[in-house]
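Reviewing the structure listed below.
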Number of protein chains: 2
Amino acid sequence: MTETTDTRWLDADEQETWRAFLWTSRLLNEALDRQLQRDSGMPHAYYMILAMLSESPGRARTMTELAEIVYSSPSRLSHAVNRLEEAGWVRRTKHGADRRTTIAELTDAGYAALAEAAPGHVAEVRRHLFDPLTRDRMLEFRETLHALLAVLDPDREAPCARELG
Amino acid sequence: MTETTDTRWLDADEQETWRAFLWTSRLLNEALDRQLQRDSGMPHAYYMILAMLSESPGRARTMTELAEIVYSSPSRLSHAVNRLEEAGWVRRTKHGADRRTTIAELTDAGYAALAEAAPGHVAEVRRHLFDPLTRDRMLEFRETLHALLAVLDPDREAPCARELG
DNA sequence: CTCTTTTACTTCAGATTTCAACTATATCTG
DNA sequence: CAGATATAGTTGAAATCTGAAGTAAAAGAG
């Protein structure tokens, strides 16, 4: 509590890097949210839920798994799935063996909505994230992000855990 | 409208890069929000408003300037300043010459709150963003972010516009 | 000097997120 | 098996954010 330690402030380069990261992520997120909301009537967070479900075996996941995959709190996911269920894009089922767990399943309508939203969304991601970068820069960017993720989310199985053995 | 063009989907590397960026920015933002909310009772967005005001001449800015600096919509800023004013951290004044414009000014209490919040916040940024990166990686990361910002926010005066002349 | 347009900001309503309970089921302990 | 604890998920209220509409003042057009 009594933090007598001197703070090591950010130097100019760090300051600029930090703010660049902040603004970049905010602007990118806003651009994607606007595009998806305008063209497909859903926020980006909801698109991601549909996308992750579509890649899951049987297009279904337990709520807990799904929350982990989309980096969402259980509460936020629950609210979101409520809306997605209202839209008819996701269906909830009860797990047979463990009756605590709920399974969220992508409906055909949900898959169709995703399929229709995807091209515009991908175009937006490409335009803002990949078009401005050379391939090499993109790959080194990814390495940097993985280094950050390793600290931010240590428990996650590292996506680049090839060097482990 | 009739988008007959075939979508160029993301390849595996792009997909991984995109999601790494998404999760990194989300996790970092959540970490900072939690730390600031817990230790200083304010969300990160509000901290940023105080911080930007503190760096402004006279610790004051018009609402429009402030909104641009913190990359916020006028509406969001207005709501935020309402709360900051309730907290006694910011004061609104009317501009003399142009009676449309409102000036937001950091109060002494606001400066004090900022000063108290800063060390913990900076430590969190350092821990999550800079400790995991070498200096070179940090600098190249910054270049990449500037390349993205140039597209996301073309009207902004580029922070690295040295090459222009 | 009116009329129109722009600019600066606020407000309203609705949507989403957060955080703290809360319910229900399963598991573990003795 | 009874009781404690852990897990899975939901709910409700408060906070925040969004987008559209509204207000007021300034600037421009005729």
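Throughout, protein chains are lettered first and strands after them, A, B, ... in sequence-line order, and every chain is numbered starting at 1.
Mapped onto DNA chain D by nearest heavy atom, E65(A) and P43(B) fall at different nucleotides, with E65(A) at the one closer to the 5' end. Take the nearest nucleotide of DNA chain C for R76(A) and for H79(B): the residue whose nucleotide is more 5' is H79(B). Between S78(A) and D33(A), the residue anchored closer to the 5' end of DNA chain D is S78(A), taking for each the nucleotide with the nearest heavy atom.
E116(B) CD: 12 or fewer foreign heavy atoms inside a 6.0 Å radius.
Rounded to whole angstrom, the span from the CE atom of M63(B) across to the C1' atom of dA24(D) amounts to 15 Å. Put simply, CG on L77(B) is 8 Å from P on dT10(C), counting in whole angstrom units. Atom CG in L36(B) sits about 13 Å away from atom P in dT16(D), given to the nearest Å. Atom-to-atom, CE of M48(B) to P of dT16(D) comes out at 16 Å; the value is rounded to the nearest Å. Straight-line distance from the NE2 atom of H44(B) to the C1' atom of dC17(D): 16 Å, rounded to whole Å. Look at CZ on R26(A): it is 11 Å from C1' on dC17(D), rounded to the nearest Å. Summarising the geometry, the separation between CZ on R38(A) and P on dT18(D) is reported as 16 Å, rounded to the nearest angstrom. The CZ atom of R61(B) sits 17 Å away from the C1' atom of dC9(C) (whole-angstrom rounding).
Here dA8(C) is the nucleotide among dT16(C), dT10(C), dA8(C) with the atom lying nearest to any side-chain atom of T64(B).
Note on R34(A): only backbone sugar-phosphate atoms sit closer than 4.0 angstrom, heavy atoms only; bases stay farther off.
Hydrophobic cluster membership is shared by L145(A) and M138(A), with clusters built from Ile, Leu, Val, Met, Phe, Trp and Tyr side chains linked at under 4.5 angstrom. Residues V81(A) and I103(A) do not share a hydrophobic cluster, defined by chaining ILVMFWY side chains whose heavy atoms lie under 4.5 Å apart.
The cationic group of R59(B) lies under 6.0 Å from the six-membered ring centre of Y111(B) and within 45° of the ring axis, placing it in a cation-pi geometry.
Electrostatic pairing of R135(A) and E14(B) counts as a salt bridge here, judged by a charged N lying under 4.0 Å from a carboxylate O. Look at E143(A) and R137(B) and you find no salt bridge, because none of the NZ, NE, NH1 or NH2 atoms lies under 4.0 Å from a carboxylate O.
The stretch residues 81-104 of chain B touches DNA chain C through R92(B), R100(B), T101(B), T102(B), each having a heavy atom under 4.0 angstrom from the strand.
Applying the 4.0 Å criterion to OP1 and OP2 of dT16(D), one finds that Y46(B) has a side-chain N or O inside that range.
Aromatic ring orientation, H121(A) versus W18(B): tilted (interplanar angle from 30° to 60°).
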